[in-house]
There are 2 protein chains.
Amino acid sequence: MSSGERQSGVDRVVDIFEELLRSREPIRIGELARRLEAPRSTLYNLVNRLVAADLLEVMDDDGSVFFGRAMQLYGTAYAETNPLQRHARPLLETLAAGSDATAQLCALRHDKYVVLDSRSGPSLFRITTDIGVPVPLPWTASGRLLLGHSSPEQISALIPADDYTLPDGRVIDPQDFLTDVAKSRDDGYCVTLGLSDRFTCCLAAPVRNPRGEAVATLCFVVPADQPEARRLELLRRLIEASDRLSRHCR
Amino acid sequence: MSSGERQSGVDRVVDIFEELLRSREPIRIGELARRLEAPRSTLYNLVNRLVAADLLEVMDDDGSVFFGRAMQLYGTAYAETNPLQRHARPLLETLAAGSDATAQLCALRHDKYVVLDSRSGPSLFRITTDIGVPVPLPWTASGRLLLGHSSPEQISALIPADDYTLPDGRVIDPQDFLTDVAKSRDDGYCVTLGLSDRFTCCLAAPVRNPRGEAVATLCFVVPADQPEARRLELLRRLIEASDRLSRHCR
DNA sequence: GACGGGCGTCCCATATATTGGACAAACCCA
DNA sequence: TGGGTTTGTCCAATATATGGGACGCCCGTC
């Protein structure tokens with residue numbers, strides 16, 4: 001009755017959603033309260049409202065909660081309406097089918113890189129990054145392009161120190177990364193070989209808004225052993241598609 | 001300072017989302033306030049929070065708002081996690097490609113029918129119902145299946161009188177509709193010819209939970225002039241796929 | 001130029017949503 | 001069986017979010 005801060009219900013709802021996205025699997029209400037450091041009674045109240053609205057669903061086996069069907073409908077409405085996403089979809093399909101590779105639409109979210117949409121070619125069965133899963137920017141070719149409009153100071157301030165450490169333990173020098181960002185911006189594309197994964201090659205091209213800032217990227221994910229000629233061909237297609245997408249989004 | 005009801009911010013947020021889904025295009029905040037009969041100051045407060053959380057986006061040209069990128073990520077997380085949706089996707093692809101028709105996953109939402117996911121065959125360019133758009137239950141084959149576990153009283157209470165009127169003005173007799181529902185439940189499928197659209201044939205089969213209730217349907221949408229033999233073949237594939245999906249969802 | 005209407009922001013009062021706590025029932029593990 | 005933990009529900013108190021109103025601004029129209 002004297003200490004504890006009070007938080008708005010709406011903000012708490014946002015926290016719930018973000019925690020569920022991070023977890024990617026149902027969470028029990030008690031566990032949710034612990035992770036968000038929120039009172040249990042508050043969470044029961046909020047979760048019940050959200051379940052009634054179908055924004056969340058309770059798993060009837062153990063009472064844990066996850067996103068509900070309404071989310072799917074809202075998300076689809078967004079994807080169908082947003083010009084970037086709407087125009088990207090057919091392009092991704094063409095890229096993936098025509099080049100038999102995994103094609104992705106990527107963007108910046110908070111201080112990380114996320115895949116927004118992804119298509120795979122027919123013969124390919126590689127595991128591709130899940131949509132919406134945050135990935136450190138220095139791990140990716142797209143990350144270098146997405147930071148093109150930021151100053152070195154902004155970039156240094158944005159990226160957590162840990163994010164320069166690759167999954168295999170190697171560490172990227174922040175200075176080298178800044179150089180990469182500048183070079184990628186000038187080149188208009190970025191290619192990484194064996195970066196986030198020793199056997200993967202990523203090719204990325206920027207989707208730019210009218211002010212020239214990279215608001216998203218299109219990228220290919222292919223095995224690292226592809227011949228040079230094929231990589232160049234993939235890059236050509238990618239740049240053509242991203243230029244087209246840039247024109248659609250003004 | 002004495003009249004007006006007060007509403008919870010969370011409930012208002014839900015109202016905002018539902019109104020945006022209905023509208024399917026950006027709405028200005030003033031207009032939103034009018035439609036929801038909510039104070040403008042409240043909406044500015046809520047919308048600003050939601051925009052900050054990326055659940056909503058403001059269109060920079062005219063200040064109207066619509067769903068934001070976070071919705072897409074949450075919705076995708078749902079679709080990838082929910083067993084029904086996850087297993088339905090490859091089935092829809094197989095159905096659509098193998099039969100060159102539009103295949104849809106449908107379910108009940110409030111007192112209407114909605115498409116949850118949809119794939120079209122290669123040669124087909126028919127306009128298909130948008131995902132998430134509510135359609136009166138009596139207009140559809142799936143609607144008849146989805147009500148299979150409800151009593152006649154429940155059905156009569158659920159369906160608004162206007163929903164028995166088809167787009168072309170014809171009116172369905174509620175008694176006939178109840179008969180259709182019972183027959184569809186017993187048959188284990190439902191076919192409609194020229195119902196919601198004079199030139200369209202809908203074939204639907206139920207996805208049942210372990211208790212035998214139709215929690216969703218798979219359906220084909222094809223031109224009405226298809227030969228009987230093809231319709232039977234489509235129905236056979238549909239029933240096989242929906243049985244498979246039912247097994248996956250227990 | 002005056003006018004009407006919508007937009008975005010700010011401010012205060014109060015109705016109420018948030019909160020901590022307490023409770024019984026269910027659960028798990030020893 | 002029995003102690004420790006978790007679950008879901010309920011309650012009363014108060015910090016605060018909601019709602020009403022007022023303000024200046026911009027933009028079309030008359």
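Atom set for the values below is all heavy atoms of this structure, side chains included, hydrogens, waters and symmetry mates excluded. Chain letters run A, B, ... following the sequence lines, proteins first and then strands; every chain starts at 1.
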Separation of dT6(D) P from L43(A) CG (nearest whole Å) = 15 Å
ask   = Within this structure, what is the CD-to-P distance between E31(B) and dG8(C), rounded to whole angstrom?
value = 13 Å
key: Proximity to the side chain of P39(B) - top-ranked nucleotide from dG19(D), dG20(C), dT7(D)   = dG19(D)
task = Give the ring-plane orientation class for F177(B) versus Y164(B), where under 30° counts as parallel, over 60° as perpendicular and anything between as tilted.
result = perpendicular
inquiry  = If you compare every side-chain N and O of R12(B) against the phosphate oxygens of dG19(D) (OP1, OP2), does one of them come in below 4.0 Å?
reply    = yes
query = Between dT19(C) and T42(A), is there an OP1 or OP2 to side-chain N/O distance shorter than 4.0 Å?
reply = yes
ask   = How long is the line joining CG of L46(A) and C1' of dA17(D), in whole Å?
value = 13 Å
task = Taking only the side-chain heavy atoms of N48(B) (C-beta and beyond), determine which of dT9(C), dA13(D), dG20(D) contains the nearest atom.
result = dT9(C)
Candidate pair R89(B) and E93(B), rule salt bridge (charged side-chain N to carboxylate O under 4.0 Å, His left out), full reasoning = CA-CA 6 Å; R89(B) 207 162 336 135; E93(B) 274 159 20; over 6 Å; no
key: Side-chain donor/acceptor of R6(B) to base of dT14(C), under 3.5 Å   = yes
query = Under 4.0 Å between a side-chain N/O of N45(A) and OP1 or OP2 of dT18(C), yes or no?
reply = yes
task = Rounded off to whole Å, could you give me the CZ-to-P distance for the R28(B) and dG8(C) pair?
result = 6 Å
ask   = Looking at R109(B) and E18(B), does any basic side-chain N land under 4.0 Å from a carboxylate oxygen?
value = yes
request  = Nearest whole angstrom, please: distance from the P of dG8(D) to the CD1 of I29(A).
outcome  = 6 Å
key: Electrostatic pair R22(B)-E19(B), nearest N-O below 4.0 angstrom   = yes
query = Rounded to whole angstrom units, what separation is found between the CG atom of D11(A) and the P atom of dA17(D)?
reply = 8 Å
key: Between dC7(C) (P) and D61(B) (CG): distance, integer Å   = 14 Å
ask   = How long is the line joining OH of Y44(A) and P of dC11(D), in whole Å?
value = 17 Å
query = Want to settle it: does R49(A) or R40(A) sit nearer the 5' end of DNA chain C, counting the closest nucleotide to each?
reply = R49(A)
query = Is the CZ atom of F66(B) crowded by more than 12 outside heavy atoms at less than 6.0 Å?
reply = yes
